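Okay, so here's the structure we're looking at.
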Number of protein chains: 2
Amino acid sequence: MNHIRTISATPCEHDHSGKSVSEQVNAARKICEQQDERFTPLRAHIYELIVRADGPIKAYDLLEQLRPDRGSPKPPTVYRALDFFARLGLVHRVEALNAYIACDHTHPGHVAEFFICERCDEVKETHAHSHENCAPNGFVISSSVIEHYGLCETCALTA
Amino acid sequence: MNHIRTISATPCEHDHSGKSVSEQVNAARKICEQQDERFTPLRAHIYELIVRADGPIKAYDLLEQLRPDRGSPKPPTVYRALDFFARLGLVHRVEALNAYIACDHTHPGHVAEFFICERCDEVKETHAHSHENCAPNGFVISSSVIEHYGLCETCALTA
DNA sequence: AATCAAGACGTTATGCTATAACAGGGAAGG
DNA sequence: CCTTCCCTGTTATAGCATAACGTCTTGATT
Ligand SMILES: [Zn+2]
Ligand SMILES: [Zn+2]
Ligand SMILES: [Zn+2]
Ligand SMILES: [Zn+2]
């Protein structure tokens, strides 16, 4: 189907959200603790890798990056952590990329809307407006996937 | 990640769109011919299976349904057809289901927005409103994925 | 008619994505 | 101490998609 866009594996060191990696990790730790969930060393490690990726990252790329620090982890190791973070709203799955990205909103649990540049891989996350008005009469939305692909302003100008 | 919702494989005989299966197939044939694309017997066969599914259908389920009429087709057979239909806007991919569905709009090429009932698997397709206004300044959208999951009116009332 | 280029299809093989199921270990509470 | 729950490791398998090559048909060009 050729439907999966590619994403680069190049992390970036600039501070995208105005928070350092460790600040973001600590914020996640706090959110976990507030919900009586355990922010274990493994989870902290994986979450940090997701944050450092500074964009969508694939499960098997996370798996690679866990090596050799944690031996040779197997897929369930990372998928379980991703499930956990998704449940807490700390990480979103980007459906059309088969990838995962840290939520960059301070209050997780919202409906995320992504704008993904296909040229430079930059991703902007916004709070989606309500689509209840768009729904067929009586339809009750419980979750939504809203992703846009195209060119960011910079790339659009230099294209 | 447990992110993939399930869909039932039960086709349904009711006429969802007001057009019969053969009418839908003929409409697709016409759209192909208008664009100087070939609506081959294989493509017609696969398109008809998608229409008959009357909802999202998976690539490997299509593959099964092609047997034994067409011997033992392999995955590329169906993925090539799906690519073709998607290129013409006759079929949409539903990202969160890893499934494909016939466009039920008469003028393909639009941005589709799906409302998918997780209880009865009914899918309503609408024309999405523009999200350009929601985009970061200067972002140029080239394609979008908009899918909502929840309960249709009937299921919400009887839940 | 002979030639050529493009596209459609069959086939083999492989790669990527994700989960089921079972076993062991550690933390928290009784 | 002992039980319960959850976290993690591990093996195996399921599910989704494409690369690459060969053959044949179609339709245009010479
Ligand atoms: Zn978010
Ligand atoms: Zn860009
Ligand atoms: Zn459509
Ligand atoms: Zn329903």
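Keep in mind that the numbers below use all heavy atoms, side chains included, and drop hydrogens, waters and symmetry copies. It should be emphasised that the depicted structure is a prediction, and the values quoted were computed from it without experimental measurement. Letters A, B, ... are given to chains in the order of the sequence lines, protein chains preceding strands, and every chain is numbered from 1.
- For the ring-ring contact (aromatic ring centres under 6.0 Å, His included) test with Phe85(A), the passing option among Tyr47(A), Tyr100(A), Tyr79(A) is Tyr47(A); the others fail.
- The interatomic distance linking Leu63(A) (CG) with dA18(C) (P) rounds to 12 Å, in whole Å.
- Contact check, Tyr100(A) against dA18(C): a side-chain N or O comes under 4.0 Å of OP1 or OP2.
- Residue pairs meeting the ring pair (Phe, Tyr, Trp, His ring centres under 6.0 Å) criterion with at least one member in residues 109-130 of chain B, sequence neighbours excluded: His129(A)-His129(B), His131(A)-His129(B), Phe139(A)-Phe115(B), His92(B)-His110(B), His92(B)-Phe114(B), His105(B)-His110(B), His105(B)-His127(B), His110(B)-His127(B), Phe115(B)-His148(B), His129(B)-His131(B).
- The 12-atom threshold is not exceeded at CG of Asn137(B), counting heavy atoms of other residues, nucleotides or ligands nearer than 6.0 Å.
- Remark: the Thr77(A) side chain and the Arg70(A) side chain contain no N/O donor-acceptor pair separated by less than 3.5 Å.
- Distance Leu62(A) CG to dT17(C) P: 11 Å, rounded to the nearest Å.
- Between Phe85(B) atom CZ and dA8(C) atom P there is a gap of 11 Å when expressed in whole angstrom units.
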Which letter, B, S or -, goes with each nucleotide of nucleotides 6-15 of chain D from 5' to 3', with contact meaning a protein heavy atom under 4.0 Å?
-SBBBB----
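- Without hydrogens or angle criteria, Gln65(A) side chain to Leu49(A) main chain gives no donor-acceptor distance under 3.5 Å.
- Salt bridge Arg87(B)/Glu37(B): present, at least one basic N to carboxylate O contact under 4.0 Å.
- Computed from coordinates, the Leu97(A) CG to dA17(D) P distance equals 14 Å when rounded to whole Å.
- The distance from atom CD of Gln35(B) to atom P of dG7(C) is 15 Å, rounded to the nearest whole Å.
- For dC16(C), the OP1/OP2 oxygens have no side-chain nitrogen or oxygen of Tyr79(A) closer than 4.0 Å.
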